[in-house]
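Okay, structure first, notes after.
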Amino acid sequence: MTIDWVNFTPWSAAIGGILIGLAAAILLILNGRIAGISGILAGVLKPVKGDTAWKLAFIVGILVAPLLFTAFVYAPEVTITTSTPLLIAAGLLVGFGTRLGGGCTSGHGICGMARFSRRSIIAVVIFMLVAFITVAVINHFGLRG
């Protein structure tokens, strides 16, 4: 495995991580809510009176922020080499895993682990093990689509 040093951007990754952590902390401190995207999206799709506006704003922010970034800073080149059916299958499996695990990587990985939640730590270990196994299987059998 080689590292593409031209596209290796530790500073932007660190700044992005800090911003995600800061946003999650602010949401928890000011609103008493966990920044788990799957739970927030579920709350928008199945609204509860008085608890929907901030969730909708959060989702809109997630969708609009990259558009603003690419409009004013730069649009990174994205190349997808995987087939559409494989991407759809992967998305469905991630959605199934999110429901099965009772949350997503943002809720468990960022917020849950920061709160030392045993359930979240176990969920993240399982996420990572499944990711490692998936990459090994795809690389071994040449299933890149």
Side-chain angles (χ1 to χ4, degrees), residues 1-29 31-48 51 54-145:
M1 180 173 105
T2 61
I3 296 176
D4 180 2
W5 291 105
V6 175
N7 293 316
F8 181 64
T9 56
W11 291 111
S12 63
I15 291 167
I18 290 168
L19 289 174
I20 290 170
L22 186 60
I26 289 171
L27 184 63
L28 182 61
I29 292 166
N31 224 9
R33 306 291 187 197
I34 301 297
I37 306 305
S38 61
I40 293 171
L41 181 60
V44 169
L45 299 176
K46 219 176 180 184
V48 174
D51 198 41
W54 75 268
K55 292 178 180 180
L56 186 59
F58 196 93
I59 297 296
V60 168
I62 287 174
L63 297 173
V64 171
L67 299 174
L68 291 174
F69 182 82
T70 58
F72 294 107
V73 182
Y74 78 99
E77 183 181 326
V78 177
T79 304
I80 298 174
T81 58
T82 302
S83 68
T84 301
L86 191 57
L87 286 173
I88 291 170
L92 291 171
L93 286 171
V94 167
F96 175 74
T98 298
R99 294 295 287 174
L100 184 67
C104 59
T105 53
S106 58
H108 286 302
I110 296 168
C111 301
M113 286 183 60
R115 293 180 298 115
F116 301 107
S117 164
R118 180 180 296 154
R119 180 174 165 247
S120 291
I121 292 168
I122 291 168
V124 170
V125 168
I126 291 170
F127 294 161
M128 296 304 293
L129 286 174
V130 170
F132 295 150
I133 292 166
T134 301
V135 169
V137 168
I138 287 173
N139 286 337
H140 181 74
F141 292 106
L143 301 172
R144 293 183 182 241

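- G61 approaches P66 most closely through the heavy-atom pair O-CD, 4.4 Å.
- Contact detail for C104 and G36: the closest heavy-atom pair is SG-C, 4.1 Å.
- Residue I34 holds its CD1 atom at 11.5 Å from CD1 of I110, rounded to the nearest 0.5 Å.
- V44 and L56 get closest at one heavy-atom pair: CG2-N, 3.6 Å.
- Counting non-hydrogen atoms of other residues, nucleotides and ligands closer than 6.0 Å to CZ of R115 gives a total above 12.
- Residue L22 qualifies as enclosed at atom CG: its count of foreign heavy atoms under 6.0 Å is above 12.
- For the atom pair CZ (F127) and OG (S120), the distance works out to 8.0 Å, reported to the nearest 0.5 Å.
- Remark: the backbone N or O of I37 is paired with a side-chain donor or acceptor of S106 at under 3.5 angstrom.
- Between A35 and F58, the shortest heavy-atom distance links the atoms CB-CZ, 4.1 Å.
- Scanning for side chain to side chain contact (heavy atoms under 4.5 Å, CB included) contacts around I126 gives I122, V130, with sequence neighbours left out.
- R119 is linked by a side chain to side chain contact (heavy atoms under 4.5 Å, CB included) to H108, S117, counting only residues two or more places apart in sequence or in another chain.
- In this view, L41 and L45, I59 satisfy the side chain to side chain contact (heavy atoms under 4.5 Å, CB included) rule, not counting sequence neighbours.
- Taking 4.5 Å as the limit, some side-chain heavy atom of L27 sits within range of a side-chain heavy atom of W54.
- If you take CD1 on I133 and NE2 on H140, they are separated by 14.0 Å, rounding to the nearest 0.5 Å.
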From CA spacing to verdict: side chain to side chain contact (heavy atoms under 4.5 Å, CB included), R33, D51: CA-CA 11 Å; R33 306 291 187 197; D51 198 41; 3.1 Å; yes
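- Within the model, atoms OG1 of T134 and CG of N139 stand 10.5 Å from one another, a figure rounded to the nearest 0.5 Å.
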